[in-house]
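Here, residue 1 is the first one in the sequence, and each next residue gets the next number.
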Amino acid sequence: MKITGTSCICPVLVCLCFVQRCSGTAHHSSIKVTKNQTKHIEGETEVHHRPKRGWVWNQFFVLEEHMGPDPQYVGKLHSNSDKGDGSVKYILTGEGAGTIFIIDDTTGDIHSTKSLDREQKTHYVLHAQAIDRRTNKPLEPESEFIIKVQDINDNAPKFTDGPYIVTVPEMSDMGTSVLQVTATDADDPTYGNSARVVYSILQGQPYFSVDPKTGVIRTALHNMDREAREHYSVVIQAKDMAGQVGGLSGSTTVNITLTDVNDNPPRFPQKHYQLYVPESAQVGSAVGKIKANDADTGSNADMTYSIINGDGIGIFSISTDKETREGILSLKKPLNYEKKKAYTLNIEGANTHLDFRFSHLGPFKDATMLKIVVGDVDEPPLFSMPFYVMEVFENAKIGTIVGTVLAQDPDSANSLVRYFIDYNAEENRFFNIDANTGTIKTTKVLDREETPWYNITVAASEHDNPGLLSHVTVGIRVLDVNDNPPELAREYDIVVCENSKPGQVIHTISATDRDDLANGPRFTFFLDERLSINPNFTLKDNEAAAAPSPSGFVHAREMGVCGPAMRKPSSPRRA
């Protein structure tokens with residue numbers, strides 16, 4: 001390159017780029033830059049003009065996903081110093097130079113040797129330089145330019161969060177928002193419609209709809225009933241190219257479950273029920289169950305049971321099993337088949353958690369009639385009294401009748417009853433009982449002073465069912481007879497002083513009787529006439545003495561006479 005005094009040549013590197021238009025055709029544009037020139041005009045000084053440059057591209061374009069057999073032409077580097085004689089050598093450096101992008105160092109043509117993916121790398125920064133092939137000196141300063149990967153619609157929209165699981169209350173208003181789904185498209189959102197997504201519903205109509213722009217899913221029907229259908233599988237499609245033909249699409253599934261609200265009242269399956277309860281049922285025990293059905297779930301199906309009327313309202317009670325939601329019928333008072341054979345109860349089941357939005361669907365309670373049939377049970381004989389008290393005199397003859405017990409079969413069959421005394425093996429048996437009549441008699445002579453009271457147990461059984469027993473306690477009091485004489489309370493040794501005065505009490509004696517008070521005191525004391533009487537002493541009743549402690553006084557007749565000691569005065573004579 002020569003520099004003269006009249007002209008100056010400034011070499012310029014020219015880049016030609018590959019442009020893809022909407023029509024899909026590629027055009028190569030050449031930029032021609034003229035040299036700076038200096039003209040000498042008469043009367044004017046020398047003027048330097050800036051070089052005129054054409055349309056200068058700052059980047060090239062290469063179409064992504066190129067699948068052709070030949071390398072893809074990207075563009076051309078050209079310097080205005082290039083005369084076409086091969087003296088200019090073009091050098092390409094930077095990202096992908098020599099591997100992805102190659103350059104013809106003579107012509108400056110750039111080709112792409114590999115299929116590029118814009119979604120992995122959108123552009124490449126390279127540097128171009130022109131040098132003199134002979135001297136290796138730069139003809140142009142190094143210039144930076146960009147090769148941009150041009151997008152094509154090679155990515156379908158994707159739902160990254162699907163499949164979805166979501167709930168919405170049943171009976172919701174039409175248009176209730178359920179969920180917003182979002183699909184992403186890896187294509188260039190700034191170029192064409194490759195990443196412009198439109199939503200549509202493929203499955204789930206007419207129950208649900210989707211907003212084509214926002215992806216918001218809404219209910220599309222009024223009063224969707226969970227009890228009619230609970231689960232829905234909705235398929236949403238996202239299509240790019242604004243939904244046009246040829247666009248790519250992706251889909252996702254949204255599993256929608258209707259949650260329960262209390263929109264169903266409880267209902268008894270029948271209006272009349274019958275329950276059998278044996279009369280032997282224990283008070284406090286559960287005798288039956290009843291249940292009202294509720295199509296709702298959870299707390300919306302909770303209910304409580306109550307007896308609202310009926311002739312058995314005082315005999316039975318009802319409670320609610322919270323787990324099974326059943327009414328548990330229990331017995332409050334004993335049953336007696338012979339007295340009342342059936343009862344009637346009116347039972348109500350009512351929801352405990354009401355939703356006033358659905359009160360127009362109520363009332364949220366229901367009632368049914370329950371007939372309770374009392375079952376006849378073969379019961380043991382029933383004694384006429386809860387216990388018996390009888391009396392018999394001691395010393396009565398063996399076989400003396402003490403008394404009679406009575407038991408009857410409470411059942412309608414009125415079976416014959418047999419009696420027996422329930423003795424322990426080691427117990428002395430003083431009584432027996434007539435098996436048919438229940439009459440109790442003595443088997444031994446009784447002594448009140450030895451055993452004043454007997455307690456025996458009498459059992460009764462039905463003749464047809466001897467294993468069914470009843471027992472009653474019989475207390476037998478042994479009555480006293482006067483069969484025991486009085487006895488001195490102890491032995492007496494009496495000493496009389498010689499100076500005792502006549503009439504003076506020298507000792508007091510007392511007596512006891514093993515019989516009871518009716519046959520014991522009061523006693524009469526006297527000297528036994530069959531024995532010789534000492535004239536020096538007399539025996540006198542102490543009439544003022546208390547009846548339980550009868551006594552007699554021994555008196556001296558003459559003063560100054562000391563008689564012999566008295567030993568065991570004669571037995572007193574009863575009054």
Side-chain angles (χ1 to χ4, degrees), residues 265-296 301-352 363-387 405-419 458-473:
R267 289 289 180 262
F268 286 101
Q270 301 172 211
K271 289 302 180 183
H272 297 87
Y273 291 88
Q274 184 167 302
L275 177 66
Y276 172 85
V277 180
E279 62 177 332
S280 59
Q282 298 296 313
V283 173
S285 64
V287 296
K289 299 178 181 180
I290 193 169
K291 185 176 183 180
N293 296 329
D294 194 316
D296 296 321
D302 288 346
M303 67 184 72
T304 183
Y305 296 89
S306 59
I307 300 174
I308 52 179
N309 56 53
D311 59 359
I313 195 168
I315 307 298
F316 300 91
S317 63
I318 194 167
S319 59
T320 304
D321 188 318
K322 294 183 179 179
E323 296 295 328
T324 63
R325 298 189 178 95
E326 293 175 314
I328 309 299
L329 197 68
S330 299
L331 188 62
K332 291 174 62 178
K333 294 182 180 180
L335 298 176
N336 191 326
Y337 172 83
E338 287 68 36
K339 291 185 178 180
K340 189 170 178 61
K341 295 178 174 59
Y343 295 89
T344 300
L345 298 174
N346 289 316
I347 297 177
E348 180 182 85
N351 278 149
T352 55
F364 284 79
K365 59 184 178 180
D366 194 23
T368 189
M369 179 179 290
L370 175 62
K371 181 179 180 181
I372 300 173
V373 177
V374 180
D376 187 19
V377 177
D378 193 5
E379 299 175 272
L382 182 64
F383 283 97
S384 60
M385 298 177 64
F387 62 90
V405 297
L406 177 62
Q408 289 182 326
D409 181 7
D411 302 316
S412 57
N414 197 20
S415 299
L416 294 177
V417 175
R418 298 182 64 83
Y419 304 92
V458 175
S461 66
E462 293 182 15
H463 188 274
D464 297 332
N465 190 357
L468 203 60
L469 299 175
S470 291
H471 297 82
V472 71
T473 299

Fill in: Contacts of K339 that satisfy side-chain hydrogen bond (donor to acceptor under 3.5 Å, both in side chains) - sequence neighbours left out
none
Discussion item. Just verifying a value: how many Å separate I372 CD1 and Y276 OH, rounded to the nearest 0.5 Å?
Written reply: 13.0 Å
Discussion item. Rounded to the nearest 0.5 Å, what separates atom CD in Q270 from atom CD1 in I290?
Written reply: 8.5 Å
Discussion item. Between R325 and D302, does any NZ, NE, NH1 or NH2 come within less than 4.0 Å of an OD or OE carboxylate oxygen?
Written reply: yes
Item to complete: Using the six-membered ring wherever Trp is involved, compare the ring planes of F268 and Y273 and label them parallel, tilted or perpendicular (cut-offs 30° and 60°).
Response: perpendicular
Item to complete: Would you indicate whether the side-chain heavy atoms of P269 and N293 approach each other to under 4.5 Å?
Response: yes
Item to complete: Please round to the nearest 0.5 Å and tell me the distance separating atom CD1 of I328 and atom OG1 of T320.
Response: 8.5 Å
Worksheet item: Centre of Y343's six-membered ring, under 6.0 Å away, within 45 degrees of the axis: is that where NZ or CZ of K340 sits?
Response: yes
Worksheet item: Are F316 and V287 close enough, and set up right, to give a side-chain contact (heavy atoms from CB on, under 4.5 Å), and what steps lead you there?
Response: CA-CA 9 Å; F316 300 91; V287 296; 4.2 Å; yes
Practice prompt. Decide yes or no for L370 and T344: does some side-chain heavy atom of the first lie under 4.5 Å from some side-chain heavy atom of the second?
Written response: no
Practice prompt. Quick one: pull up CZ in R418 and CD in E462 and give me the separation to the nearest 0.5 Å.
Written response: 13.0 Å
Fill in: Stepwise side-chain contact (heavy atoms from CB on, under 4.5 Å) check, E279 with E379
CA-CA 9 Å; E279 62 177 332; E379 299 175 272; 3.1 Å; yes
Practice prompt. Would you name the heavy atoms of V417 and A407 that are closest together and state the gap between them?
Written response: CG2-O, 3.7 Å
Worksheet entry | Straight-line distance of F383 CZ to Q408 CD, nearest 0.5 Å | 11.5 Å
Worksheet, complete the sentence: When every non-hydrogen atom of P381 is compared with those of P410, the smallest separation belongs to CA-CD, 4.0 Å
Discussion item. Please determine whether side-chain contact (heavy atoms from CB on, under 4.5 Å) holds for the pair V277 and L335, giving the CA-CA distance in whole Å, both sets of side-chain angles, and the decisive distance to 0.1 Å.
Written reply: CA-CA 9 Å; V277 180; L335 298 176; 3.5 Å; yes
Worksheet item: Which heavy atom in S461 sits nearest to a heavy atom in L469, and how many Å separate them?
Response: CB-CD2, 3.2 Å
Discussion item. The test is side-chain contact (heavy atoms from CB on, under 4.5 Å); show your working for K332 and S317 and say whether it passes.
Written reply: CA-CA 7 Å; K332 291 174 62 178; S317 63; 3.6 Å; yes
Item to complete: May I ask you to decide whether K271 forms a salt bridge with D366, counting only side-chain N to carboxylate O separations under 4.0 Å?
Response: yes
Discussion item. Please give me the minimum heavy-atom distance between K365 and R267, naming the atom from each residue.
Written reply: O-NH1, 3.3 Å
Practice prompt. Taking all heavy atoms of Y337 and all of V374, pick out the closest pair and write down the distance.
Written response: CD1-O, 3.2 Å
Worksheet item: By side-chain hydrogen bond (donor to acceptor under 3.5 Å, both in side chains), which residues pair with N346, not counting sequence neighbours?
Response: N309
Worksheet item: Do other residues, nucleotides or ligands put more than 12 heavy atoms under 6.0 Å from the NE2 atom of H471?
Response: yes
Discussion item. If you compare all heavy atoms of E348 against all heavy atoms of I308, which two are closest, and at what distance to 0.1 Å?
Written reply: CB-CG2, 3.9 Å
Worksheet item: When rounded to the nearest 0.5 angstrom, what is the spacing between CG in D376 and CG in D411?
Response: 5.0 Å
Discussion item. Looking at K289, I want to see if its NZ is surrounded by more than 12 non-hydrogen atoms of other residues, nucleotides or ligands under 6.0 Å.
Written reply: no
Discussion item. Check this for me: K291, atom NZ, are more than 12 non-hydrogen atoms of other residues, nucleotides or ligands nearer than 6.0 Å?
Written reply: yes
